[in-house]
Structures are given as structure tokens and as C-alpha cells.
Amino acid sequence: MADDSTIPVVDFQVFSSPSPSDHVYQTSKLLTSALHTHGIVALINHPLASTSLAAAFHRARSFFSLPSSTKLQAPHPPGYAVHRGYSPPGLEKVSQLTSSSISSEALKKLRAEISDVKESFEVGSESNSEQPNIWLPDEASSLPGFKNDSLRFYWECDHLAKTILRSVAIGLDMPDPDFFVQRCTGLNNQLRILHYPPIAAGEVDQGAMTRMPAHSDWSAITLLFQDDCGGLEVEDPISPDSFIPVTPIEGACLVNVGDLLMRWSNDYLKSPLHRVALPQLSDRFEGEERMTRQRYSIPYFVGPDPDVLVECLPSCSSTSNPAKYEPITQRAYNAMRGCTHYESSEEAT
Ligand SMILES: O=C(O)CCC(=O)C(=O)O
Ligand SMILES: [Fe+2]
């Protein structure tokens with residue numbers, strides 16, 4: 001485990017080979033303890049093959065290198081309801097601000113002043129008819145194998161996610177280790193590849209741009225793979241409003257709690273605020289056009305199936321600690337968060 005100014009690291013080796021159950025239990029306790037204190041953990045020696053991960057980053061670089069006119073042939077639909085396809089830089093803005101915490105005029109002004117500089121492409125299960133995938137029409141000639149390889153990676157991430165969800169259930173001393181796996185079948189996950197293009201250093205100096213503002217994820221858990229650029233930060237649990245850097249560890253899988261696991265666990269597991277800050281001064285390329293480094297990351301959002309009711313786990317409540325949230329389905333939670341997000345970012349649609 002790390003000190004308080006960095007995020008915890010847990011060695012997940014026991015899940016790569018047959019291991020005694022007490023080792024599995026100890027690792028699972030370390031996992032849930034990290035997700036309790038920080039809401040995020042870096043798993044090392046996890047079972048996802050490093051070759052698959054390297055190939056996924058390679059695929060992301062190839063995709064984002066295509067001309068804009070090609071990428072825009074697989075456009076993300078307007079609105080919040082469907083999360084698939086390509087979003088060009090500046091299109092999507094995430095924010096934790098809600099219309100109840102700030103007036104809509106002030107929110108609009110804030111959004112007009114600060115632009116998110118990133119592009120993304122999102123993929124789901126081919127069986128999810130409510131969220132149909134959006135592929136390039138001509139992918140065979142522009143990016144051979146992109147669709148099949150992306151889908152294979154999607155299911156490899158799902159496999160890792162299920163191992164982690166079982167470990168969370170064990171760490172929470174739940175009677176059924178498959179409780180979460182049965183409710184998060186893989187139908188409703190979302191694979192996102194993200195590219196943060198280089199930014200002119202002048203913009204960094206003026207603070208006119210951000211990479212991704214602070215937000216929590218709407219998922220049950222999120223797996224996140226990042227390159228070596230850095231910039232990801234998570235709210236400091238012992239000093240809220242300040243953020244600690246999530247320093248890249250090669251090959252590690254970051255796992256953060258999403259809002260729905262937080263609700264399931266009655267706030268025992270925290271869905272942390274996190275953001276992507278601009279790179280450090282020392283990490284800028286100098287020259288006439290002083291630019292920052294570009295960054296790639298791959299989040300994988302693990303969602304319960306849309307109609308699963310997320311309600312406080314019996315082991316996480318008592319008479320002195322009653323349930324804090326009303327039961328809610330993923331579908332209803334998505335609509336609730338999405339409406340707020342959509343209303344307050346209408347210029348993005
Ligand atoms: O790019 C990253 O490292 C973070 C991405 C993220 O937080 C998200 O897509 O929700
Ligand atoms: Fe996130």
C-alpha cells in the first residue's frame with residue numbers, strides 16, 4: 001500500500017494462477033480497503049495480457065491518426081442517451097456541476113469559457129440493441145480488423161472486470177461472490193478510447209483549456225489504462241478539494257468505484273472525483289509553437305444491466321447506518337445524470 005499522497009497499489013497476482021483461498025481473501029480485503037479509503041487503486045500483475053493492452057493503445061493511435069473527415073463517418077449521436085461512435089475535440093464536456101449546484105446561466109458561461117480538448121471513440125457489446133455500435137462504414141480499407149479487435153478487447157476487459165467484481169464481493173464479505181457478476185453481465189459496459197491532442201503552451205499558461213474537468217463516473221466500477229504522459233488526478237480523501245496525481249505505472253490497471261457501486265455499498269466504497277489536468281511545465285515541448293505532449297487513455301466503464309435494481313447491500317447497512325439512497329436502476333440513474341449533463345451542455349449537441 002502506498003502513502004497518503006499517492007494512490008494505493010494492490011498486487012493481483014493471485015488471480016492469475018490457482019491460489020489458496022486465504023491469499024485470495026487477503027488480496028480482496030486489500031482491494032476493498034483501498035476502494036474504501038481512496039475510491040481508486042492501481043492493480044499490478046493483473047491477468048489482462050500486456051500484448052492485448054499494447055495492441056489496444058496501438059489501435060487507438062491508428063484510429064485517431066485518421067483524417068477527421070473519415071472519423072466523422074462514425075459520429076457519436078447527439079444527446080446523452082447513446083454512448084457510441086466518434087466525438088471530435090470539444091464535443092463532450094463532463095462536469096460534476098449540476099443545475100442544483102449552480103444557476104444554468106452561470107453554468108453556460110463557464111462552459112463557454114473552458115473547452116475540453118479531447119476526442120474519443122466508444123464501443124459496446126454488439127448484443128446491446130439500445131446502444132448500437134457505430135463503426136466506420138469503410139473500416140476494412142481504413143483500419144483493417146478494427147471492429148473485431150476492438151470487440152475482442154471489450155470482452156477481455158469484461159473478463160478482468162468480472163474477476164475484480166468477484167474480489168470486491170469477497171472483500172465485502174458478501175455471501176455470494178457472484179452477486180455483482182450476475183448483475184453486470186457485460187451487456188452494458190462501455191469501452192472508450194481517448195486522445196488528448198497536444199495543446200499550445202500559451203493556452204496552458206492562460207488556463208483557457210482543460211483536458212477533463214473533475215467528475216465521478218456513472219458506472220459500477222471503471223477500469224482505466226493510461227499511457228506514460230500523466231495528468232490524471234484524483235481528489236485527496238483527506239483533503240477534499242485538492243487533488244493527488246495518479247502517476248502512471250506501466251501495465252497497471254486502475255480501478256475506480258463508480259456512483260452505482262457507491263450506492264450499492266451505502267457510501268462504504270467511494271466514487272472519487274477525478275480529472276485530467278494539463279501536463280507539467282517540464283513536460284512541454286519547447287520551440288516556436290510550444291506544445292504539450294499528447295495523451296492516450298482507455299477507460300472501460302462496467303455497468304449493471306439496465307434494469308437491475310441497485311439497492312443498499314444488507315451487509316452495508318444497519319439500524320445505526322440506514323440506507324442513504326433510494327433503490328434505482330442503471331437506466332434511471334443514467335437518465336437522471338444524463339439529463340443534467342445534457343441540459344447544461346446544449347452547445348455540445
Ligand atoms: O483519461 C483519463 O485518464 C480519465 C478518463 C475519465 O475519467 C473518463 O473518461 O471518465
Ligand atoms: Fe472518469
Side-chain angles (χ1 to χ4, degrees), residues 6-7 35 38-43 53 56-57 60-61 63-64 76 80 83-98 115-124 154 157 161 188-199 209-235 243-262 269-280 283 292-303 330 333-334 337-338 340-341 345 348:
T6 60
I7 68 152
L35 296 179
H38 287 73
I40 187 167
V41 63
L43 293 187
L53 200 50
F57 275 99
R61 281 191 291 274
F63 177 84
F64 290 119
H76 187 293
Y80 72 88
H83 300 282
R84 299 290 183 263
Y86 174 66
S87 305
L91 184 67
E92 195 213 2
K93 297 185 174 193
V94 289
S95 173
Q96 196 66 13
L97 298 172
T98 63
S115 43
D116 291 352
V117 182
K118 63 171 180 298
E119 53 182 339
S120 62
F121 183 77
E122 290 163 315
V123 170
Y154 175 98
C157 288
N188 206 17
N189 300 345
Q190 183 188 334
L191 169 64
R192 173 185 280 172
I193 54 176
L194 268 168
H195 175 219
Y196 301 85
I199 296 173
M209 292 202 182
T210 171
R211 279 195 154 160
M212 189 180 286
H215 65 282
S216 62
D217 292 343
W218 310 356
S219 52
I221 56 168
T222 305
L223 316 189
L224 176 62
F225 306 97
Q226 58 171 340
D227 69 8
D228 65 351
C229 181
L232 178 67
E233 299 180 342
V234 66
E235 190 172 37
F243 283 76
I244 51 180
V246 182
T247 308
I249 301 175
E250 196 184 341
C253 172
L254 295 165
V255 181
N256 68 262
V257 176
D259 297 350
L260 291 175
L261 183 57
M262 179 159 103
L269 304 178
K270 305 280 172 4
S271 174
L273 279 183
H274 54 287
R275 68 183 184 192
V276 182
L278 292 169
Q280 303 299 307
D283 202 17
T292 66
R293 278 175 73 184
Q294 61 187 333
R295 177 173 186 269
Y296 293 89
S297 68
I298 307 182
Y300 185 80
F301 304 97
V302 181
Q330 186 278 337
Y333 189 74
N334 199 47
R337 287 287 309 263
T340 315
H341 174 67
S345 59

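Side chains are part of it too, since the values below use all heavy atoms of this structure and drop only hydrogens, waters and symmetry mates. Note that ligands are numbered from 1 as they come in the structure, with each ligand's atoms numbered from 1 the same way. Treat the numbers as computed from the prediction; the structure is a model and nothing was measured.
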- Message: Test of understanding: given a 4.0 Å heavy-atom threshold, classify the contact between R211 and ligand 1 as side chain, backbone, both, or neither.
- Response: neither
- Task: Give the atoms of ligand 1, by number and element, whose distance to some non-hydrogen atom of P299 is under 4.0 Å.
- Result: 9 (O)
- Message: Ignoring hydrogens, what is the shortest heavy-atom contact between V246 and Q226? Give both atom names and the distance.
- Response: O-NE2, 3.0 Å
- Given OD1 of D217 on one side and NE2 of H215 on the other, what angle do they make at the Fe ion (ligand 2), to 10°? 90°
- Of the protein's non-hydrogen atoms, which lies at the shortest distance from atom 4 (C) of ligand 1, and what is that distance? V276 CG2, 3.7 Å
- Query: Between Y333 and W218, is any pair of side-chain heavy atoms under 4.5 Å apart?
  - Reply: yes
- Decide yes or no on side-chain contact (heavy atoms from CB on, under 4.5 Å) for K118 and V276, but give the supporting numbers first. CA-CA 10 Å; K118 63 171 180 298; V276 182; over 6 Å; no
- Using atom types as modelled and distance alone, determine if a side-chain donor or acceptor of S271 lies under 3.5 Å from a backbone N or O of D259. yes
- Give the residue and atom name of whichever protein heavy atom lies nearest to atom 9 (O) of ligand 1, and the separation in Å to one decimal. R192 NH1, 2.7 Å
- Task: Give a yes/no verdict on whether any heavy atom in H215 is under 4.0 Å from an atom of ligand 1.
- Result: yes
- Report, in ascending order of atom number, the atoms of ligand 1 lying under 4.0 Å from any heavy atom of L194. 1 (O), 5 (C), 9 (O)
- Item | Stepwise side-chain contact (heavy atoms from CB on, under 4.5 Å) check, V234 with N256 | CA-CA 10 Å; V234 66; N256 68 262; over 6 Å; no
- Check ligand 1 against H274 and write out every atom of the ligand that is under 4.0 Å from a heavy-atom position of the residue. 7 (O)
- Message: Under 4.0 Å, heavy-atom basis, I'd like to know which part of T222 is in contact with ligand 1: side chain, backbone, both or neither.
- Response: neither
- Query: Which atoms from ligand 1 have a heavy atom of F301 less than 4.0 Å away?
  - Reply: 8 (C), 9 (O), 10 (O)
- Task: Find out whether E119 and P88 are in side-chain contact, i.e. whether some heavy atom of one side chain is under 4.5 Å from a heavy atom of the other.
- Result: no
- Message: Need the ligand 1 atom indices (1-based, order shown) with element for anything under 4.0 Å from a heavy-atom of S297.
- Response: 1 (O), 2 (C), 3 (O)
- Of all protein heavy atoms, the one nearest atom 3 (O) of ligand 1 is R295 NH2, 2.8 Å
- Relative to the heavy atoms of D217, which atoms of ligand 1 are at a distance of less than 4.0 Å? 10 (O)
- Query: Taking the side chain as C-beta and beyond, is there a heavy-atom pair between C157 and F225 under 4.5 Å?
  - Reply: yes
- For atom 6 (C) of ligand 1, the closest protein heavy atom turns out to be M212 SD, 3.4 Å
- contact_flag Q226 ligand 1 heavy-atom lt 4.0 Å: no
- Item | Value rounded to 0.5 Å, distance of CZ in R275 from CE in M212 | 13.0 Å
- Under 30°, 30 to 60°, or over 60°: which ring-plane class applies to Y296 and F64, parallel, tilted or perpendicular? tilted
- Query: Is there side-chain contact between D227 and R295, with heavy atoms separated by less than 4.5 Å?
  - Reply: yes
